[in-house]
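Below: the structure, in structure tokens.
Proteins get letters first, then strands, A, B, ... in listed order; numbering begins at 1 in each.
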Amino acid sequence: MAENPEKNNGAAEGTPRDFIRTIIDEDLRTGKNGTRVHTRFPPEPNGYLHIGHAKSICLNFGIGLEYNGRTNLRFDDTNPSKEETEYVDSIMEDVKWLGFDWGEGLFYASDYFQQLYDFAEQLILKGKAFVCDLSAEEMRIYRGTLTEPGKESPWRNRSIDENLDLFRRMRSGEFPDGSKTLRAKIDMSSGNINMRDPVIYRIMRAHHHRTGEEWCIYPMYDYAHCLSDMLEGITHSICTLEFEDHRPLYDWVLDTLETPCHPQQIEFARLNLNYTIMSKRKLNELVTKGFVSGWDDPRMPTIAGLRRRGYTPASIRNFAERVGVAKRESIIDVALLEYSIREDLNRNAERAMAVLNPLKVIITNYPEGVIEEMEFTINPEDPEKGSRKVEFSRELWIEREDFMEEPVKGYFRLFPGNEVRFRWAYFIKCTGYKKDEATGEVTEIYCEYDPESRGGNSPDGRKVKGTIHWVSAAHAFEAEVRLYDRLFDHIDPNKPEEGKEWTDNLNPNSLTVLNNCKLEPYLKNAQPGYICQFERLGYFCADIKDSAPGKPVFNRTVTLRDTWAKVNK
RNA sequence: UGCCGGGUCGUCUAACGGUAGGACAGCGGCCUUUGGAGCCGUAUGUGGAGGUUCGAGUCCUCCCUCGGCAGCCA
């Protein structure tokens, strides 16, 4: 790898630096690791990645890119009882989709099992590790409590030879699961419980997704992680706050083994979002108990769910940047996530017209059988995209909400006697409507158009307050549209009211399926994953899974901001 | 009563010891062929008490307060 100090220091001066980048800047200045910056993203393949992981991915890979360094993707697969290849595959897909590239840096902690084992023998040889026969229960008692020191294991002073012999026999499968552990010999009276002779190897007969049945002993996280970082030459090992207490152990292992390099562990606060749960365990429960359709349900905060919902990689990266990096625990407002996707899509998504809750409009003075092609601007924010044609005719669909028999104050859409603009078409005035007397439901409305206002402007210069969207009835096709809302209606779903569970905070209206939506024909061949704005409604994405050729199903990504709805509250 | 780490606008996040700034949310206005977008304006913040200093969010002392840690999970 070309190592160019000029480039490494190219991190713009004067721009606000988070505390991690500040540390790296300083390390570069003092030459701590030469000019190298090497990070890693180390997921355990026991679930799908979520938006919180996205923050970590953007941080680690972002730093790799900014400092002209590297970033590894390393699967932390030291506990075969919980890990599966399905998760490995989804994680790689998600990282790639977010726009990051690990290059040659794809690793598995399980790649290092032999080396890790050899290091453990070295620890034994140095008198720094011992085989312990305490049961899990006994060990818990010997460990002491948060305020009281622990007691030393009766097996703590076995000879080096005995430890070596026993450890080798652990490996060769002589002892049953859980009957023995290898423990680091540190300090049972430490105030830090992680330092009270922590277990570094346990006996566990389980099928490992990569090494199969080759091993029946597996290293623990604290032991495996620091050594994996070291073996890969990681310079900055960035993790979340709950590992802060583990740093002394991280350092102890590397110091005791006198390894050739010693990565620096740096902890930051994980991402929390209001109205959202981020715990893998709970997300898993939502899936297995059928509260959602899967890990990629568009309401899930998983990368797969967000992707299916219509979020773009850029919007998530921008979100991660806005959220910032610090040690203070915080809860981000989901509105910031929504802002990020709106910002991206407003600039980049095509516009189209779709009517979700249709109401028939007949333009009584418009000739029957005539079809006009109106010029429709593809994206007003991006004039270069130009325009396309949309059919207009005598009978149209409009949104039921865009008509009121008796308007409330401030309402400036369609009502008897009022004139509005039909987007990119004509000025239209409501002259009457028909109503089903039995149900009180308005069944169709009658209007007249001003032929002089073609395109949406009147030559006499008169103005209208409202512009509404429409779809030609003869040309529309019906489609399923799913309206998604936040999965939880409680600001902190983890804190249920008394006597209730966190699942009671689920929003019963998080999904509304609409079946007779009228979409303009342009959308008929929308490819799975196609994202556009349905004018005045929001951004919608053709579902990746359920769309069929010529028969797209749309998911609402996010609504447009709606100040009218707010005024009405 | 153990160890570790936090407390800056409503929410996040900045500020060589030198005018507390930005974003989102809010509010007001302008503009608008999306009640969208955009533009302009606006209010709200250094947990507390002392101390050092010409000057403290920043340094020192004490206090208050919040979070994490007792898996053979990561």
Take the protein atom CZ of A/Phe243 and the nucleotide atom C1' of B/A74, then report the distance between them rounded to whole Å. 5 Å
Measure from the side chain of A/Glu244, starting at C-beta and using heavy atoms only, and say which of B/G5, B/C73, B/U34 lies closest. B/G5
Among the candidates B/A14, B/C4, B/C73, find the nucleotide nearest to the side-chain atoms of A/Lys82. B/C73
Across all strands shown, which nucleotide pairs with B/A15 by Watson-Crick or G-U wobble geometry, both distances under 3.5 Å? none
For A/Glu137 and A/Ser135, test the side chains for any donor-to-acceptor distance below 3.5 angstrom and give the result as yes or no. no
P atom, B/A56 versus B/A37: distance in rounded Å? 43 Å
At less than 4.0 Å, is any side-chain N or O atom of A/Arg351 found next to OP1 or OP2 of B/U34? Yes or no. no
Any donor-acceptor pair under 3.5 Å linking the side-chain atoms of A/Tyr221 with those of A/Glu44? no
More than 12 non-hydrogen atoms from neighbouring residues, nucleotides or ligands closer than 6.0 Å to CD on A/Glu401, yes or no? no
Scan A/His246 against the nucleic acid and name what it touches under 4.0 Å (heavy atoms): base, sugar-phosphate only, or nothing. base
Which residue, A/Phe412 or A/Val323, contacts RNA chain B at a nucleotide closer to its 5' end, judged by nearest heavy atom? A/Val323
In whole angstrom, give the distance that lies between atom CZ of A/Arg423 and atom C1' of B/G35. 12 Å
Of the listed nucleotides B/G71, B/G26, B/A74, the one nearest the side chain of A/Lys566: B/G26
Whole angstrom is fine here: how far is it from OH in A/Tyr250 over to P in B/C69? 21 Å
Given that both distances must come in under 3.5 Å, which nucleotide forms a Watson-Crick or G-U wobble pair with B/G71? none
Between A/Thr147 and B/C3, is there a side-chain N or O to OP1/OP2 distance below 4.0 Å? no
With rounding to whole Å, what would you report as the distance between B/C24 and B/U44 at their C1' atoms? 15 Å
Considering only heavy side-chain atoms of A/Val199, the closest of B/U13, B/C72, B/U34 is B/C72
Using whole Å, what does the distance between atom C1' of nucleotide B/G71 and atom CG of A/Leu146 come to? 14 Å
Taking a pair to mean Watson-Crick or G-U wobble geometry with both distances below 3.5 Å, B/C31 pairs with none
When the C1' atoms of B/C31 and B/C66 are considered, how many whole Å apart are they? 46 Å
Residue A/Asp333, side-chain atoms from C-beta onward, closest of B/G36, B/G35, B/U11: B/U11
How close or far is atom P of B/G68 from atom CG of A/Leu241, stated in whole angstroms? 11 Å
Given A/Val361, A/Asn357, A/Val420, the one that forms side-chain contact (heavy atoms from CB on, under 4.5 Å) with A/Ile398: A/Val361
Residue A/Arg413, side-chain heavy atoms: nucleotide from B/C12, B/G35, B/G71 that is nearest: B/G35
Please give, in whole Å, the distance from B/C24 P to A/Leu273 CG? 17 Å
Mind checking the P distance from B/C60 to B/G7? Whole angstroms is fine. 14 Å
Geometric cation-pi criterion A/Arg171 and A/Tyr117, 6.0 Å radius, 45° cone: yes
Is the phosphate of B/G2, meaning OP1 or OP2, less than 4.0 Å from a side-chain N or O of A/Thr145? no
Atom C1', compared across B/G28 and B/C63: separation rounded to whole Å: 43 Å
Please classify the nucleic acid contact of A/Asp245 as base, sugar-phosphate, or nothing, using heavy-atom distances under 4.0 Å. base
OP1 or OP2 of B/A74 versus the side-chain N and O atoms of A/Arg202: is any pair under 4.0 Å? yes
I want to verify the glycosidic state of B/G36; is it syn or anti under the 90° rule? anti
Does either side chain, that of A/Asn418 or that of A/Tyr411, offer a donor lying less than 3.5 Å from an acceptor on the other one? no
Can you check whether any acceptor in the base of B/G35 is under 3.5 Å from a donor in the side chain of A/Asp562, or vice versa? no
Out of B/U13, B/C72, B/G35, which has the shortest distance to the side chain of A/Arg143? B/C72
Quick one: on RNA chain B, does A/Asp133 or A/Gly324 contact a more 5' nucleotide (nearest heavy atom)? A/Gly324
side-chain N/O A/Lys327 vs B/C4 OP1/OP2, d < 4.0 Å: no
A/Trp564 stacking on B/G35: centroids under 5.5 Å, ring planes under 30°? yes
Decide yes or no, distance alone: a donor-acceptor N/O pair under 3.5 angstrom between the base of B/G36 and the side-chain of A/Glu381. yes
What is the pairing partner of B/G5, taking Watson-Crick or G-U wobble pairs with both distances under 3.5 Å in any strand? B/C66
Per A/Asp76 side chain, nearest of listed nucleotides B/A74, B/G36, B/C69: B/A74
In whole angstrom, what separates A/Tyr539's OH from B/U34's P? 13 Å
Between A/Phe113 and A/Tyr218, does a ring-ring contact (aromatic ring centres under 6.0 Å, His included) hold up when you go through it step by step? CA-CA 8 Å; A/Phe113 279 172; A/Tyr218 290 95; 5.6 Å; yes
Just name whichever nucleotide pairs with B/G50, Watson-Crick or G-U, keeping both distances under 3.5 Å, else none. B/C60
Taking B/C59 as the reference, what is the distance to B/A43 when you measure between their P atoms (whole Å, please)? 30 Å
Using a 4.0 Å heavy-atom cut-off, does A/Thr181 contact any base of the nucleic acid, only the sugar-phosphate backbone, or nothing at all? base
Choose from B/U34, B/A74, B/A70 the nucleotide whose nearest atom is closest to any side-chain atom of A/Ile193. B/A70
Between A/Glu391 and A/Tyr522: side-chain donor-acceptor atoms closer than 3.5 Å: no
Check the phosphate of B/G68 against A/Arg247, side-chain N and O only, distance under 4.0 Å to OP1 or OP2. Yes or no? no
Quick one about A/Asp77 and A/Ser110 (side-chain donor to acceptor, distance below 3.5 Å, no hydrogens or angles considered), yes or no? yes
Between the side chains of A/Glu267 and A/Gln265, is a donor N or O closer than 3.5 angstrom to an acceptor N or O? yes
Pairwise C1' distance for B/A74 and B/G57, with rounding to whole Å: 36 Å
Selected nucleotide, minimal atom distance to A/Glu44 side chain, candidates B/C73, B/G71, B/G35: B/C73
What integer number of Å spans the P atoms of B/G36 and B/G26? 12 Å
Between A/Arg17 and B/A15, is there a side-chain N or O to OP1/OP2 distance below 4.0 Å? no
Taking OH from A/Tyr223 and C1' from B/C72, how many angstroms apart are they, rounded to a whole number? 16 Å
Closer than 4.0 Å, any side-chain N/O of A/Arg561 to the OP1 or OP2 of B/A37? yes
OP1 or OP2 of B/C24 versus the side-chain N and O atoms of A/Tyr339: is any pair under 4.0 Å? yes
